[in-house]
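Below: the structure, in C-alpha coordinates.
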Protein chains: 2
Amino acid sequence: MTVSTRRTQDQRSTETRRLLLAATVQMLMDVGYANTSTSGIAKRAGVSRGAQTHHYPNKMALIVAATEEMFANFAAGIEALAADLRNGALDCDTFFDAVWKEVLRGDWFYSSLEIIVAARGDTELRQQLAPLILNLHKGLEATWSQTFVSVNPDVVTSRVALNLAMNVFRGMAVQAVLRRDDGYFREMLLALKTILVIHVRPTTSNT
Amino acid sequence: MTVSTRRTQDQRSTETRRLLLAATVQMLMDVGYANTSTSGIAKRAGVSRGAQTHHYPNKMALIVAATEEMFANFAAGIEALAADLRNGALDCDTFFDAVWKEVLRGDWFYSSLEIIVAARGDTELRQQLAPLILNLHKGLEATWSQTFVSVNPDVVTSRVALNLAMNVFRGMAVQAVLRRDDGYFREMLLALKTILVIHVRPTTSNT
DNA sequence: CCAAAAAAACCAACTAGCCTGTTTGTTAAC
DNA sequence: GTTAACAAACAGGCTAGTTGGTTTTTTTGG
(Lines give C-alpha, C1' and ligand atoms only; values in the text may rest on other atoms or scores of the structure.)
Protein backbone atom coordinates (compact mmCIF):
# COMPACT_ATOMS: atom_id res chain seq x y z
CA MET A 1 0.00 0.00 0.00
CA THR A 2 2.26 2.71 1.31
CA VAL A 3 5.01 3.39 -1.12
CA SER A 4 7.81 2.56 1.26
CA THR A 5 10.20 5.21 0.06
CA ARG A 6 13.54 5.01 1.70
CA ARG A 7 13.84 7.89 4.15
CA THR A 8 16.77 9.00 6.23
CA GLN A 9 16.54 8.63 10.01
CA ASP A 10 16.21 12.36 10.31
CA GLN A 11 13.31 12.48 7.88
CA ARG A 12 11.54 9.69 9.72
CA SER A 13 12.02 11.36 13.09
CA THR A 14 10.99 14.77 11.94
CA GLU A 15 7.86 13.50 10.25
CA THR A 16 6.83 11.38 13.22
CA ARG A 17 7.38 14.25 15.61
CA ARG A 18 5.39 16.55 13.38
CA LEU A 19 2.51 14.09 13.24
CA LEU A 20 2.55 13.69 17.01
CA LEU A 21 2.62 17.40 17.79
CA ALA A 22 -0.11 18.12 15.27
CA ALA A 23 -2.25 15.36 16.73
CA THR A 24 -1.66 16.70 20.23
CA VAL A 25 -2.82 20.19 19.31
CA GLN A 26 -5.77 18.81 17.39
CA MET A 27 -6.83 16.57 20.23
CA LEU A 28 -6.54 19.34 22.80
CA MET A 29 -8.63 21.51 20.54
CA ASP A 30 -11.25 18.84 19.88
CA VAL A 31 -11.78 17.14 23.22
CA GLY A 32 -9.92 19.22 25.79
CA TYR A 33 -7.06 18.39 28.10
CA ALA A 34 -9.13 16.14 30.33
CA ASN A 35 -9.90 13.82 27.44
CA THR A 36 -6.53 14.05 25.75
CA SER A 37 -4.65 10.81 26.30
CA THR A 38 -1.29 9.76 25.03
CA SER A 39 -2.81 6.74 23.36
CA GLY A 40 -5.43 8.91 21.72
CA ILE A 41 -2.72 11.18 20.38
CA ALA A 42 -0.76 8.25 18.99
CA LYS A 43 -3.89 6.91 17.35
CA ARG A 44 -4.73 10.26 15.74
CA ALA A 45 -1.17 10.69 14.59
CA GLY A 46 -1.23 7.22 13.06
CA VAL A 47 1.86 6.39 15.04
CA SER A 48 2.43 3.50 17.36
CA ARG A 49 2.62 4.03 21.06
CA GLY A 50 6.18 2.79 21.02
CA ALA A 51 7.23 5.40 18.48
CA GLN A 52 5.54 8.01 20.58
CA THR A 53 7.37 7.15 23.76
CA HIS A 54 10.58 6.90 21.80
CA HIS A 55 10.36 10.53 20.75
CA TYR A 56 8.57 11.88 23.80
CA PRO A 57 9.25 9.84 26.93
CA ASN A 58 6.16 10.99 28.75
CA LYS A 59 3.02 13.01 28.37
CA MET A 60 4.52 16.22 29.65
CA ALA A 61 7.32 16.22 27.13
CA LEU A 62 4.71 15.91 24.40
CA ILE A 63 2.58 18.69 25.82
CA VAL A 64 5.51 21.03 26.29
CA ALA A 65 6.78 20.43 22.78
CA ALA A 66 3.32 20.99 21.34
CA THR A 67 2.98 24.19 23.33
CA GLU A 68 6.31 25.44 22.07
CA GLU A 69 5.18 24.90 18.51
CA MET A 70 1.80 26.51 19.11
CA PHE A 71 3.31 29.61 20.64
CA ALA A 72 5.76 29.94 17.79
CA ASN A 73 2.97 29.63 15.23
CA PHE A 74 0.83 32.15 17.05
CA ALA A 75 3.62 34.71 17.35
CA ALA A 76 4.40 34.24 13.68
CA GLY A 77 0.74 34.65 12.72
CA ILE A 78 0.37 37.85 14.70
CA GLU A 79 3.65 39.23 13.43
CA ALA A 80 2.57 38.52 9.86
CA LEU A 81 -0.65 40.45 10.42
CA ALA A 82 1.28 43.25 12.11
CA ALA A 83 3.68 43.42 9.19
CA ASP A 84 0.72 43.79 6.84
CA LEU A 85 -0.53 46.60 9.01
CA ARG A 86 2.85 48.33 8.99
CA ASN A 87 3.26 48.11 5.24
CA GLY A 88 -0.26 49.31 4.63
CA ALA A 89 -1.77 46.09 3.31
CA LEU A 90 -4.19 46.15 6.24
CA ASP A 91 -5.89 49.03 7.98
CA CYS A 92 -6.17 49.16 11.74
CA ASP A 93 -9.78 48.05 11.80
CA THR A 94 -9.32 44.92 9.71
CA PHE A 95 -6.14 44.15 11.62
CA PHE A 96 -8.00 43.79 14.90
CA ASP A 97 -10.79 41.88 13.21
CA ALA A 98 -8.18 39.49 11.86
CA VAL A 99 -6.50 39.07 15.25
CA TRP A 100 -9.82 38.30 16.89
CA LYS A 101 -10.70 35.83 14.18
CA GLU A 102 -7.30 34.21 14.62
CA VAL A 103 -7.94 33.88 18.35
CA LEU A 104 -11.44 32.53 18.03
CA ARG A 105 -11.13 30.28 15.01
CA GLY A 106 -7.55 29.14 15.07
CA ASP A 107 -6.57 26.06 17.02
CA TRP A 108 -3.84 27.70 18.99
CA PHE A 109 -5.75 29.81 21.48
CA TYR A 110 -8.02 27.15 22.89
CA SER A 111 -5.32 24.52 22.78
CA SER A 112 -2.99 26.74 24.75
CA LEU A 113 -5.81 27.65 27.10
CA GLU A 114 -6.31 23.98 27.85
CA ILE A 115 -2.65 23.63 28.64
CA ILE A 116 -2.43 26.78 30.71
CA VAL A 117 -5.39 25.79 32.80
CA ALA A 118 -3.97 22.30 33.25
CA ALA A 119 -0.67 23.85 34.31
CA ARG A 120 -2.39 25.69 37.12
CA GLY A 121 -2.82 22.42 38.97
CA ASP A 122 0.51 20.91 38.00
CA THR A 123 3.61 22.52 39.42
CA GLU A 124 6.07 20.83 37.12
CA LEU A 125 4.13 21.60 33.96
CA ARG A 126 3.77 25.17 35.11
CA GLN A 127 7.50 25.50 35.60
CA GLN A 128 8.22 24.09 32.18
CA LEU A 129 5.68 26.36 30.51
CA ALA A 130 6.52 29.60 32.28
CA PRO A 131 9.62 30.40 30.21
CA LEU A 132 7.74 29.61 26.99
CA ILE A 133 5.00 32.06 27.75
CA LEU A 134 7.43 34.71 28.86
CA ASN A 135 9.19 34.33 25.56
CA LEU A 136 5.88 34.56 23.69
CA HIS A 137 4.90 37.72 25.51
CA LYS A 138 8.29 39.24 24.86
CA GLY A 139 7.87 38.55 21.16
CA LEU A 140 4.38 39.99 21.09
CA GLU A 141 5.43 43.10 22.96
CA ALA A 142 8.23 43.64 20.47
CA THR A 143 5.66 43.41 17.69
CA TRP A 144 3.39 45.88 19.45
CA SER A 145 6.15 48.42 20.07
CA GLN A 146 7.18 48.15 16.45
CA THR A 147 3.69 48.34 15.02
CA PHE A 148 1.89 50.87 17.19
CA VAL A 149 2.77 54.22 18.60
CA SER A 150 1.05 55.82 21.54
CA VAL A 151 -0.92 59.02 21.10
CA ASN A 152 0.02 60.12 24.59
CA PRO A 153 2.71 57.89 26.12
CA ASP A 154 2.28 59.48 29.55
CA VAL A 155 -1.24 58.09 29.75
CA VAL A 156 -0.99 54.71 28.04
CA THR A 157 1.95 53.30 26.17
CA SER A 158 1.30 51.35 23.01
CA ARG A 159 2.72 48.23 24.65
CA VAL A 160 0.26 48.41 27.52
CA ALA A 161 -2.67 49.30 25.29
CA LEU A 162 -2.07 46.33 23.03
CA ASN A 163 -1.56 44.02 25.98
CA LEU A 164 -4.91 45.21 27.26
CA ALA A 165 -6.44 44.47 23.89
CA MET A 166 -4.97 40.99 23.86
CA ASN A 167 -6.38 40.40 27.32
CA VAL A 168 -9.80 41.47 26.09
CA PHE A 169 -9.49 38.88 23.33
CA ARG A 170 -8.43 36.24 25.81
CA GLY A 171 -11.36 37.04 28.05
CA MET A 172 -13.83 37.12 25.19
CA ALA A 173 -12.59 33.79 23.90
CA VAL A 174 -13.14 32.24 27.31
CA GLN A 175 -16.62 33.69 27.38
CA ALA A 176 -17.28 32.38 23.89
CA VAL A 177 -17.01 28.81 25.14
CA LEU A 178 -20.38 29.03 26.83
CA ARG A 179 -21.86 32.03 25.08
CA ARG A 180 -21.77 31.91 21.31
CA ASP A 181 -23.40 35.25 20.68
CA ASP A 182 -22.00 36.87 17.56
CA GLY A 183 -23.85 40.12 18.14
CA TYR A 184 -22.39 40.46 21.60
CA PHE A 185 -18.85 39.93 20.36
CA ARG A 186 -19.25 42.25 17.39
CA GLU A 187 -20.44 44.99 19.71
CA MET A 188 -17.52 44.30 22.03
CA LEU A 189 -14.96 44.30 19.27
CA LEU A 190 -16.31 47.55 17.86
CA ALA A 191 -16.06 49.23 21.24
CA LEU A 192 -12.57 47.90 21.77
CA LYS A 193 -11.40 49.28 18.45
CA THR A 194 -13.10 52.62 19.09
CA ILE A 195 -11.33 52.95 22.41
CA LEU A 196 -7.98 51.74 21.12
CA VAL A 197 -7.70 54.20 18.27
CA ILE A 198 -8.02 57.00 20.78
CA HIS A 199 -4.81 55.91 22.44
CA VAL A 200 -2.64 54.29 19.79
CA ARG A 201 -2.02 54.53 16.08
CA PRO A 202 -0.29 52.13 13.70
CA THR A 203 3.20 53.33 12.86
CA THR A 204 2.33 53.85 9.19
CA SER A 205 -0.64 56.12 9.57
CA ASN A 206 0.64 59.56 10.53
CA THR A 207 -2.61 61.43 10.22
CA MET B 1 -17.31 10.99 70.53
CA THR B 2 -19.35 13.22 68.30
CA VAL B 3 -22.23 14.75 70.16
CA SER B 4 -24.87 13.11 68.04
CA THR B 5 -27.33 15.93 68.01
CA ARG B 6 -30.56 14.91 66.46
CA ARG B 7 -30.96 16.68 63.14
CA THR B 8 -33.90 16.70 60.80
CA GLN B 9 -33.48 15.02 57.42
CA ASP B 10 -33.50 18.40 55.78
CA GLN B 11 -30.70 19.65 58.01
CA ARG B 12 -28.63 16.58 57.28
CA SER B 13 -29.15 16.86 53.54
CA THR B 14 -28.46 20.56 53.40
CA GLU B 15 -25.26 20.25 55.39
CA THR B 16 -23.97 17.31 53.36
CA ARG B 17 -24.70 19.07 50.12
CA ARG B 18 -22.98 22.20 51.39
CA LEU B 19 -19.89 20.20 52.36
CA LEU B 20 -19.80 18.48 48.98
CA LEU B 21 -20.16 21.66 46.94
CA ALA B 22 -17.55 23.48 49.01
CA ALA B 23 -15.15 20.56 48.61
CA THR B 24 -15.78 20.53 44.87
CA VAL B 25 -14.93 24.20 44.49
CA GLN B 26 -11.93 23.86 46.74
CA MET B 27 -10.61 20.88 44.88
CA LEU B 28 -11.08 22.52 41.48
CA MET B 29 -9.22 25.54 42.81
CA ASP B 30 -6.41 23.52 44.35
CA VAL B 31 -5.66 20.80 41.83
CA GLY B 32 -7.62 21.66 38.70
CA TYR B 33 -10.33 19.80 36.83
CA ALA B 34 -8.03 17.10 35.54
CA ASN B 35 -7.14 16.03 39.07
CA THR B 36 -10.56 16.55 40.58
CA SER B 37 -12.12 13.16 41.24
CA THR B 38 -15.42 12.32 42.81
CA SER B 39 -13.70 10.23 45.46
CA GLY B 40 -11.31 13.07 46.21
CA ILE B 41 -14.23 15.42 46.67
CA ALA B 42 -15.98 13.00 49.02
CA LYS B 43 -12.80 12.63 51.03
CA ARG B 44 -12.28 16.38 51.32
CA ALA B 45 -15.89 16.88 52.28
CA GLY B 46 -15.61 14.21 54.94
CA VAL B 47 -18.58 12.46 53.39
CA SER B 48 -18.86 8.88 52.26
CA ARG B 49 -18.97 8.06 48.63
CA GLY B 50 -22.43 6.63 49.09
CA ALA B 51 -23.75 9.86 50.55
CA GLN B 52 -22.24 11.69 47.65
CA THR B 53 -23.90 9.58 45.00
CA HIS B 54 -27.13 9.77 46.94
CA HIS B 55 -27.24 13.56 46.64
CA TYR B 56 -25.49 13.88 43.28
CA PRO B 57 -25.92 10.80 41.11
CA ASN B 58 -22.88 11.51 38.96
CA LYS B 59 -19.94 13.81 38.57
CA MET B 60 -21.69 16.21 36.26
CA ALA B 61 -24.54 16.85 38.65
CA LEU B 62 -21.97 17.76 41.28
CA ILE B 63 -20.04 20.03 38.96
CA VAL B 64 -23.16 21.79 37.71
CA ALA B 65 -24.45 22.37 41.23
CA ALA B 66 -21.07 23.69 42.35
CA THR B 67 -20.97 26.02 39.37
CA GLU B 68 -24.41 27.32 40.15
CA GLU B 69 -23.31 28.17 43.66
CA MET B 70 -20.07 29.76 42.50
CA PHE B 71 -21.80 31.98 39.99
CA ALA B 72 -24.32 33.09 42.57
CA ASN B 73 -21.56 33.92 45.05
CA PHE B 74 -19.63 35.81 42.44
CA ALA B 75 -22.59 37.86 41.31
CA ALA B 76 -23.39 38.65 44.93
CA GLY B 77 -19.79 39.68 45.63
CA ILE B 78 -19.66 42.00 42.66
CA GLU B 79 -23.06 43.46 43.40
CA ALA B 80 -21.97 44.14 46.99
CA LEU B 81 -18.92 46.02 45.75
CA ALA B 82 -21.04 47.89 43.21
CA ALA B 83 -23.50 48.85 45.93
CA ASP B 84 -20.62 50.27 47.95
CA LEU B 85 -19.57 52.25 44.93
CA ARG B 86 -23.09 53.59 44.41
CA ASN B 87 -23.54 54.64 48.00
CA GLY B 88 -20.15 56.28 48.12
CA ALA B 89 -18.38 53.85 50.44
CA LEU B 90 -15.94 53.09 47.63
CA ASP B 91 -14.46 55.32 44.98
CA CYS B 92 -14.12 54.16 41.42
CA ASP B 93 -10.43 53.41 41.69
CA THR B 94 -10.66 51.17 44.73
CA PHE B 95 -13.73 49.51 43.26
CA PHE B 96 -11.79 48.20 40.28
CA ASP B 97 -8.89 47.23 42.50
CA ALA B 98 -11.31 45.26 44.62
CA VAL B 99 -12.90 43.54 41.62
CA TRP B 100 -9.49 42.53 40.30
CA LYS B 101 -8.45 41.25 43.69
CA GLU B 102 -11.71 39.31 43.90
CA VAL B 103 -10.99 37.74 40.50
CA LEU B 104 -7.38 36.90 41.23
CA ARG B 105 -7.56 35.82 44.86
CA GLY B 106 -11.04 34.43 45.25
CA ASP B 107 -11.74 30.79 44.54
CA TRP B 108 -14.52 31.42 42.13
CA PHE B 109 -12.74 32.66 39.03
CA TYR B 110 -10.25 29.88 38.62
CA SER B 111 -12.73 27.23 39.69
CA SER B 112 -15.19 28.41 37.10
CA LEU B 113 -12.42 28.70 34.53
CA GLU B 114 -11.59 25.04 35.12
CA ILE B 115 -15.19 24.12 34.55
CA ILE B 116 -15.65 26.33 31.51
CA VAL B 117 -12.59 24.92 29.85
CA ALA B 118 -13.69 21.39 30.68
CA ALA B 119 -17.09 22.19 29.20
CA ARG B 120 -15.49 23.09 25.89
CA GLY B 121 -14.76 19.42 25.28
CA ASP B 122 -17.97 18.05 26.77
CA THR B 123 -21.16 18.80 24.90
CA GLU B 124 -23.51 17.80 27.67
CA LEU B 125 -21.70 19.79 30.33
CA ARG B 126 -21.62 22.76 28.02
CA GLN B 127 -25.35 22.57 27.46
CA GLN B 128 -26.02 22.37 31.16
CA LEU B 129 -23.73 25.29 31.92
CA ALA B 130 -24.81 27.65 29.14
CA PRO B 131 -28.00 28.85 30.85
CA LEU B 132 -26.13 29.39 34.11
CA ILE B 133 -23.57 31.65 32.50
CA LEU B 134 -26.23 33.52 30.58
CA ASN B 135 -27.98 34.17 33.83
CA LEU B 136 -24.75 35.32 35.46
CA HIS B 137 -24.01 37.73 32.64
CA LYS B 138 -27.52 39.08 32.77
CA GLY B 139 -27.11 39.78 36.48
CA LEU B 140 -23.75 41.44 35.98
CA GLU B 141 -25.03 43.60 33.17
CA ALA B 142 -27.89 44.74 35.35
CA THR B 143 -25.37 45.71 38.00
CA TRP B 144 -23.28 47.61 35.46
CA SER B 145 -26.22 49.54 34.05
CA GLN B 146 -27.28 50.45 37.54
CA THR B 147 -23.84 51.43 38.77
CA PHE B 148 -22.24 53.18 35.82
CA VAL B 149 -23.37 55.76 33.34
CA SER B 150 -21.72 56.35 30.01
CA VAL B 151 -20.03 59.67 29.27
CA ASN B 152 -21.00 59.39 25.64
CA PRO B 153 -23.47 56.57 25.01
CA ASP B 154 -23.12 56.88 21.25
CA VAL B 155 -19.49 55.82 21.49
CA VAL B 156 -19.50 53.25 24.27
CA THR B 157 -22.35 52.32 26.56
CA SER B 158 -21.57 51.65 30.20
CA ARG B 159 -22.70 48.07 29.77
CA VAL B 160 -20.22 47.42 26.97
CA ALA B 161 -17.41 49.27 28.71
CA LEU B 162 -17.80 47.23 31.87
CA ASN B 163 -18.07 44.02 29.89
CA LEU B 164 -14.81 44.97 28.24
CA ALA B 165 -13.27 45.56 31.63
CA MET B 166 -14.44 42.20 32.90
CA ASN B 167 -12.94 40.59 29.84
CA VAL B 168 -9.64 42.29 30.56
CA PHE B 169 -9.78 40.81 34.06
CA ARG B 170 -10.57 37.40 32.67
CA GLY B 171 -7.68 37.60 30.25
CA MET B 172 -5.27 38.87 32.87
CA ALA B 173 -6.24 36.11 35.26
CA VAL B 174 -5.51 33.54 32.60
CA GLN B 175 -2.17 35.15 31.98
CA ALA B 176 -1.44 35.22 35.70
CA VAL B 177 -1.38 31.43 35.78
CA LEU B 178 1.99 31.33 34.06
CA ARG B 179 3.16 34.87 34.60
CA ARG B 180 3.03 36.04 38.18
CA ASP B 181 4.36 39.53 37.60
CA ASP B 182 2.78 42.01 39.98
CA GLY B 183 4.36 45.00 38.27
CA TYR B 184 2.92 43.97 34.93
CA PHE B 185 -0.56 43.61 36.32
CA ARG B 186 -0.41 46.83 38.29
CA GLU B 187 0.57 48.69 35.15
CA MET B 188 -2.24 47.00 33.27
CA LEU B 189 -4.83 47.74 35.90
CA LEU B 190 -3.79 51.37 36.06
CA ALA B 191 -4.12 51.74 32.31
CA LEU B 192 -7.49 50.02 32.33
CA LYS B 193 -8.81 52.38 34.99
CA THR B 194 -7.39 55.39 33.20
CA ILE B 195 -9.12 54.40 30.00
CA LEU B 196 -12.37 53.45 31.68
CA VAL B 197 -12.92 56.72 33.51
CA ILE B 198 -12.79 58.50 30.18
CA HIS B 199 -15.87 56.62 29.05
CA VAL B 200 -17.95 55.86 32.12
CA ARG B 201 -18.66 57.32 35.54
CA PRO B 202 -20.22 55.76 38.62
CA THR B 203 -23.79 56.88 39.05
CA THR B 204 -23.04 58.72 42.30
CA SER B 205 -20.19 60.90 41.12
CA ASN B 206 -21.68 63.74 39.08
CA THR B 207 -18.55 65.80 38.75
C1' DC C 1 -48.52 7.87 72.92
C1' DC C 2 -45.79 4.27 71.03
C1' DA C 3 -44.26 0.45 68.15
C1' DA C 4 -43.47 -0.85 63.62
C1' DA C 5 -43.01 0.01 58.91
C1' DA C 6 -41.33 3.05 55.38
C1' DA C 7 -38.34 6.27 53.56
C1' DA C 8 -34.42 9.01 53.42
C1' DA C 9 -29.56 9.46 54.41
C1' DC C 10 -25.48 7.26 54.64
C1' DC C 11 -21.69 3.72 54.22
C1' DA C 12 -18.16 0.68 52.05
C1' DA C 13 -16.79 -2.55 48.84
C1' DC C 14 -16.68 -3.93 44.18
C1' DT C 15 -16.25 -3.73 38.91
C1' DA C 16 -15.22 -2.56 34.47
C1' DG C 17 -12.66 0.56 31.88
C1' DC C 18 -9.11 3.66 30.85
C1' DC C 19 -4.56 5.79 31.12
C1' DT C 20 0.38 6.18 31.76
C1' DG C 21 4.75 4.42 31.72
C1' DT C 22 7.54 0.23 31.02
C1' DT C 23 9.37 -3.61 28.80
C1' DT C 24 10.50 -6.78 25.37
C1' DG C 25 10.88 -7.56 20.59
C1' DT C 26 11.25 -6.18 15.51
C1' DT C 27 12.52 -3.36 11.49
C1' DA C 28 15.07 0.17 9.13
C1' DA C 29 19.06 3.24 8.65
C1' DC C 30 23.88 4.07 9.20
C1' DG D 1 27.05 -4.80 13.43
C1' DT D 2 25.45 -1.15 15.83
C1' DT D 3 22.18 2.27 16.76
C1' DA D 4 17.92 4.63 15.99
C1' DA D 5 13.01 4.08 14.91
C1' DC D 6 9.08 1.65 15.50
C1' DA D 7 5.69 -1.96 17.31
C1' DA D 8 2.79 -4.28 20.68
C1' DA D 9 1.73 -6.27 24.87
C1' DC D 10 1.67 -5.68 29.79
C1' DA D 11 1.28 -3.93 34.76
C1' DG D 12 -0.06 -0.86 38.24
C1' DG D 13 -3.01 2.71 39.56
C1' DC D 14 -6.85 5.53 39.42
C1' DT D 15 -11.76 6.73 38.32
C1' DA D 16 -16.76 6.67 37.84
C1' DG D 17 -20.63 4.41 38.67
C1' DT D 18 -23.08 0.47 40.86
C1' DT D 19 -24.76 -2.41 44.45
C1' DG D 20 -26.06 -4.47 48.86
C1' DG D 21 -26.37 -3.29 53.38
C1' DT D 22 -26.77 0.01 57.79
C1' DT D 23 -28.27 3.96 60.43
C1' DT D 24 -31.26 7.78 61.20
C1' DT D 25 -35.49 10.20 60.68
C1' DT D 26 -40.30 10.29 59.47
C1' DT D 27 -44.74 8.31 58.91
C1' DT D 28 -48.35 5.15 59.99
C1' DG D 29 -51.76 2.73 62.55
C1' DG D 30 -53.32 0.64 66.69
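Only this structure's heavy atoms are used, side chains among them; waters, hydrogens and symmetry mates stay out. Chain identifiers are assigned alphabetically (A, B, ...) following the order of the sequence lines, protein sequences preceding nucleic acid strands; residue numbering begins at 1 within each chain.
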Tell me the interatomic distance from [X], atom [atom1], to [N], atom [atom2], rounded to whole angstroms.
X	N	atom1	atom2	value
B:R44	D:dT15	CZ	P	12 Å
A:K43	D:dA8	NZ	P	13 Å
A:L19	D:dA7	CG	P	11 Å
B:D10	C:dA7	CG	C1'	15 Å
A:Q52	C:dT22	CD	C1'	13 Å
A:R17	D:dA4	CZ	C1'	11 Å
A:L20	D:dA7	CG	C1'	14 Å
A:Q11	C:dA28	CD	P	16 Å

*Which is true for B:S13 with a 4.0 Å heavy-atom rule: it touches a base, it touches only sugar-phosphate, or it touches nothing?*
sugar-phosphate
_Applying a 4.0 Å non-hydrogen cut-off, can you work out what B:T14 is touching in the nucleic acid: base, sugar-phosphate, or nothing?_
nothing
From the list [options], which nucleotide is the closest neighbour of the side chain of [X]?
X	options	value
B:N58	D:dC6, D:dG17, D:dT25	D:dG17
B:S39	C:dA28, D:dT15, C:dA9	D:dT15
A:K59	D:dA16, C:dA9, C:dT20	C:dT20
A:T53	D:dT15, C:dT22, C:dC10	C:dT22

Under 4.0 Å from OP1 or OP2 of [N]: is there any side-chain N or O of [X] that close?
X	N	result
B:H55	C:dC10	yes
B:H54	C:dC10	no
B:T38	D:dA16	yes
B:S48	C:dC10	no
A:T8	C:dC30	yes

*A:R170 to A:F109 six-membered ring, cation-pi geometry met (6.0 Å, 45°)*: no
*Within 45° of the six-membered ring axis of B:Y33 and under 6.0 Å from that ring's centre, is NZ or CZ of B:K59 located there?*
yes
_Side-chain ion pair, A:E141 and A:K138, N-O less than 4.0 Å_ = no
*May I ask you to decide whether B:E69 forms a salt bridge with B:R17, counting only side-chain N to carboxylate O separations under 4.0 Å?*
no
*Do A:W108 and A:N73 touch side chain to side chain, with heavy atoms closer than 4.5 Å?*
no
With 3.5 Å as the limit, what N/O pairs link the protein to nucleotides 13-15 of chain C?
none

_Upstream residue (5' side of DNA chain D) when B:S37 and A:R12 are each assigned their closest nucleotide_ = A:R12
*Toward the 5' end of DNA chain C, which comes first, A:P57 or A:N35, by nearest nucleotide?*
A:N35
*Would you name the heavy atoms of A:V177 and B:I116 that are closest together and state the gap between them?*
CG1-O, 3.5 Å
*asked:* Using 30° and 60° as the class boundaries, would you call the ring planes of A:F96 and A:F169 parallel, tilted or perpendicular?
replied: tilted
*Relative to the ring of B:F95, is the ring of B:W144 parallel (under 30°), tilted (30 to 60°) or perpendicular (over 60°)?*
perpendicular
